[in-house]
Amino acid sequence: MTTDASDAVEMRNALLRLRRGTGLPIAFGGLLEAGQQMRISELSGTATHALRSLVVTSGTGLGGKTVALSRPCVVTDYSASRQISHEYDAPVAVEGLRSVLAVPVVVRHRVRGVLYGALRTALPLGGRMLDAAVEAARDVERALVVRDEVRTLVAGTGPDAGAGPGWEQVREAHAALRALAGRITDPELRAELLGACALLTAESAGSAAESGGSARVRLAPREVDVLACVAAGATNAVAADRLGVTPETVKGYLRSAMRKLRARTRGEAVVAARRAGWLP
């Protein structure tokens, strides 16, 4: 299991969302590396570097318990808790942490990482805080799922690939990537996701360039987003939910794209967009 810079960016963004959602001043976390070990790589709101690069093994401490059980865990006073083992008391004490929650990042039934939130006072961490932390973890999970799919698809359609996945899977991944990119506020990560989209449309874009198709049609980013959802079989309502807009907005983008592509139906618009190199 490998991690890259984009995974680290997503973790940093998740920690900021966790702090905003829970009101907790401190957040940290990391993704699993080899075996069942996790390295804490990202810190937000900490006063020291005591936790940075700390390696947590499954079953040990609060985070290790979260990895082993694949569910959120909370302690009100870390150093005094009888619910966890205490291999990591020293760095936790240096940072001055007392109340700590940990939520797993689970992708396809496997724990891929842990997000922590903490206080320097021994106070109960209520259900609303835990719910907000879990939602931040879900955001990471969705991003990792899409990235995993893209890596597989790009590898499967490369020059050294075998049979690889079908085009329907490619189109579904392309639609999911564009929808995710629209929700990302970090410009570098958004650009990386759109770059992955471009990899999936490289073959059709090359064909369009040869015929001059891409030069004749210019679509707005949201028009491409809507067409990508339509190409993956989504209704207007489903596309609206994925893109975070209203169904009427989806209809407006679709009408605009159809007009530019000189298409009379949704299906014709998708075919024309593929010919022009906008869709895989």
Side-chain angles (χ1 to χ4, degrees), residues 1 3 5 7-107 110-141 143-144 185-186:
M1 184 182 302
T3 61
D7 294 337
V9 170
E10 184 58 38
M11 287 293 288
R12 286 196 291 273
N13 288 339
L15 296 182
L16 293 176
R17 291 194 293 271
L18 187 152
R19 290 180 64 189
R20 286 196 298 266
T22 63
L24 295 173
I26 304 157
F28 51 99
L31 297 173
L32 264 68
E33 297 179 338
Q36 291 295 298
Q37 289 189 326
M38 177 197 65
R39 185 181 301 275
I40 295 176
S41 59
E42 305 302 325
L43 310 175
S44 181
T46 53
T48 74
H49 294 292
L51 299 170
R52 185 176 295 280
S53 297
L54 182 68
V55 176
V56 178
T57 302
S58 177
T60 61
L62 182 66
K65 181 178 179 180
T66 296
V67 171
L69 298 179
S70 190
R71 63 173 175 79
C73 297
V74 182
V75 293
T76 300
D77 192 343
Y78 191 99
S79 63
S81 176
R82 296 183 179 180
Q83 301 171 13
I84 60 172
S85 60
H86 290 276
E87 291 83 354
Y88 314 109
D89 281 6
V92 170
V94 169
E95 186 59 42
L97 305 183
R98 301 288 296 279
S99 295
V100 187
L101 61 80
V103 295
V105 174
V106 182
V107 177
R110 296 178 62 184
V111 177
R112 291 278 294 272
V114 177
L115 301 182
Y116 300 80
L119 289 170
R120 292 192 172 89
T121 53
L123 295 173
L125 301 179
R128 291 179 61 184
M129 287 187 180
L130 194 58
D131 289 344
V134 168
E135 186 56 36
R138 296 298 87 84
D139 289 342
V140 180
E141 292 168 5
L144 292 180
T185 57
D186 184 277

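Remember, predicted model here, so these are calculated numbers, not experimental data. The analysis underlying the following values was restricted to heavy atoms, covering all of them including side chains, and did not include hydrogens, waters or symmetry mates.
- Between Val56 and Ile40, the shortest heavy-atom distance links the atoms CG2-CD1, 4.3 Å.
- Not counting sequence neighbours, the partners of His86 by the side-chain hydrogen bond (donor to acceptor under 3.5 Å, both in side chains) test are Asp89.
- Sorted by first and then second residue, the salt bridge (Lys or Arg N to Asp or Glu O under 4.0 Å) pairs involving residues 43-61 (not counting sequence neighbours) form an empty list.
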Taking only distance into account, with no hydrogens and no angle test, what donor-acceptor pairs under 3.5 Å do side-chain atoms of residues 16-28 form with protein atoms, sequence neighbours excluded?
{"residue": "Arg17", "atom": "NE", "partner": "Asp139", "partner atom": "OD2", "Å": "3.0"}
{"residue": "Arg17", "atom": "NH2", "partner": "Glu10", "partner atom": "OE2", "Å": "2.8"}
{"residue": "Arg19", "atom": "NE", "partner": "Pro25", "partner atom": "O", "Å": "3.1"}
{"residue": "Arg19", "atom": "NH1", "partner": "Ser44", "partner atom": "OG", "Å": "2.8"}
{"residue": "Arg19", "atom": "NH2", "partner": "Pro25", "partner atom": "O", "Å": "3.1"}
{"residue": "Thr22", "atom": "OG1", "partner": "Leu18", "partner atom": "O", "Å": "2.7"}
{"residue": "Thr22", "atom": "OG1", "partner": "Leu24", "partner atom": "N", "Å": "3.1"}

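- Here the CD atom belonging to Glu42 is positioned 12.5 Å from the CG atom belonging to Leu51, to the nearest 0.5 angstrom.
- Side-chain contact annotation: Glu87 with Ser85, donor-acceptor N/O pair under 3.5 Å present.
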Show me the side-chain donor-acceptor pairs of residues 114-126 shorter than 3.5 Å, one per line, residues at least two apart or across chains.
{"residue": "Arg120", "atom": "NE", "partner": "Glu95", "partner atom": "O", "Å": "3.0"}
{"residue": "Arg120", "atom": "NH2", "partner": "Glu95", "partner atom": "OE2", "Å": "2.4"}

Test side chain to side chain contact (heavy atoms under 4.5 Å, CB included) applied to Met11 and Leu31, step by step: CA-CA 8 Å; Met11 287 293 288; Leu31 297 173; 3.8 Å; yes
Show me the donor-acceptor pairs within less than 3.5 Å that the side chains of residues 66-78 make with the rest of the protein, sequence neighbours left out.
{"residue": "Thr66", "atom": "OG1", "partner": "Leu62", "partner atom": "O", "Å": "3.1"}
{"residue": "Asp77", "atom": "OD1", "partner": "Arg98", "partner atom": "NE", "Å": "3.1"}
{"residue": "Asp77", "atom": "OD2", "partner": "Arg98", "partner atom": "NH2", "Å": "2.9"}

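- Across every non-hydrogen atom of Ala14 and Ala136, the tightest pair is O-CB, 3.8 Å.
- Pairs of residues two or more places apart, or lying in two chains, that qualify as salt bridge (Lys or Arg N to Asp or Glu O under 4.0 Å) and include a residue from residues 125-138 are Glu135-Arg142, Arg138-Glu141.
- For Arg39, the side-chain hydrogen bond (donor to acceptor under 3.5 Å, both in side chains) partners are Glu33, not counting sequence neighbours.
- Applying the side-chain hydrogen bond (donor to acceptor under 3.5 Å, both in side chains) criterion to Ser79, with sequence neighbours excluded, gives no partner residue.
- Using a 4.5 Å heavy-atom cutoff, the side chains of Tyr88 and Thr57 are in contact.
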Stepwise side chain to side chain contact (heavy atoms under 4.5 Å, CB included) test for Arg112 and Leu32: CA-CA 5 Å; Arg112 291 278 294 272; Leu32 264 68; 5.7 Å; no
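- With sequence neighbours excluded, no residue forms a side chain to side chain contact (heavy atoms under 4.5 Å, CB included) with Ser41.
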